[in-house]
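Scroll down for the structure; my scribbles are underneath it.
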Amino acid sequence: MAGTDDSREAERRILAQVRSIPAGQVAGYGEVARRAGLPGRARWVARLLSANTHADLPWHRVLRSDGRVAFPEGSAGYREQCRRLRAEGVRVEQGRVRGQRAAPSVDEQVWGPA
DNA sequence: CTGATGACTGTGA
DNA sequence: TTCACAGCCATCA
């Protein structure tokens, strides 16, 4: 069961990062992993979200690096995610998020997040 | 150990 | 923008 202390700590930090995403904003899987100090663990983040669909976890604010929903169009998860995002004022079209960016801009990488 | 799987990512055509 | 492909990583059979 991957119940090592290290992995539990890593999971905790990832989930903490997801919860730290403000309403109306979005973040990428890889970005969340990077901010949690776990670069390259984007898929791990995705797996965690699928195993932790809690009400207090804003999993819907996590998108792919393209800024698109990570679910196949038409699936239950896809519709639920779009619905929740729009409820927070996020503009979603064709499974894509407009007005917000999933990946940090070059400026953010150089100068750091605002 | 090997191979398959997945809410991923970057690169190239 | 789209699609295909390879790379990546934890988990499971």
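Chain letters run A, B, ... following the sequence lines, proteins first and then strands; every chain starts at 1.
Across all strands, A/Gly77 comes closer than 4.0 Å to no nucleic acid atom at all (heavy-atom distances).
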Checklist outcome for this item: For nucleotides 6-12 of chain B, 5' to 3', base contacts (B), sugar-phosphate-only contacts (S) and non-contacts (-) with protein non-hydrogen atoms under 4.0 Å give BBBSS--
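Atom CZ of A/Arg13 sits about 11.5 Å away from atom CG of A/Leu15, to the nearest 0.5 Å. Atom CD in A/Glu73 sits 11.0 Å away from atom CZ in A/Arg79 (nearest 0.5 Å). The CD atom of A/Glu31 sits 4.5 Å away from atom CZ of A/Arg35, with the distance rounded to the nearest 0.5 Å.
Ion pairing between A/Glu93 and A/Arg96 fails under the 4.0 Å rule for side-chain N and carboxylate O. With respect to A/Glu11 and A/Arg8, no salt bridge is recorded, no charged nitrogen being found less than 4.0 Å from a carboxylate O. Salt-bridge annotation for A/Arg84 and A/Glu88: absent, with no side-chain N of the basic residue lying under 4.0 Å from a carboxylate O of the acidic one.
Taking atom CD on A/Gln94 and atom C1' on C/dT2, their separation rounds to 14 Å, with Å as the unit.
Taking atom P on both nucleotides, B/dG12 is separated from C/dC8 by 15 Å, rounded to a whole Å.
Residue A/Arg41 has no polar side-chain atom (N or O) positioned under 4.0 Å from OP1 or OP2 of C/dT11.
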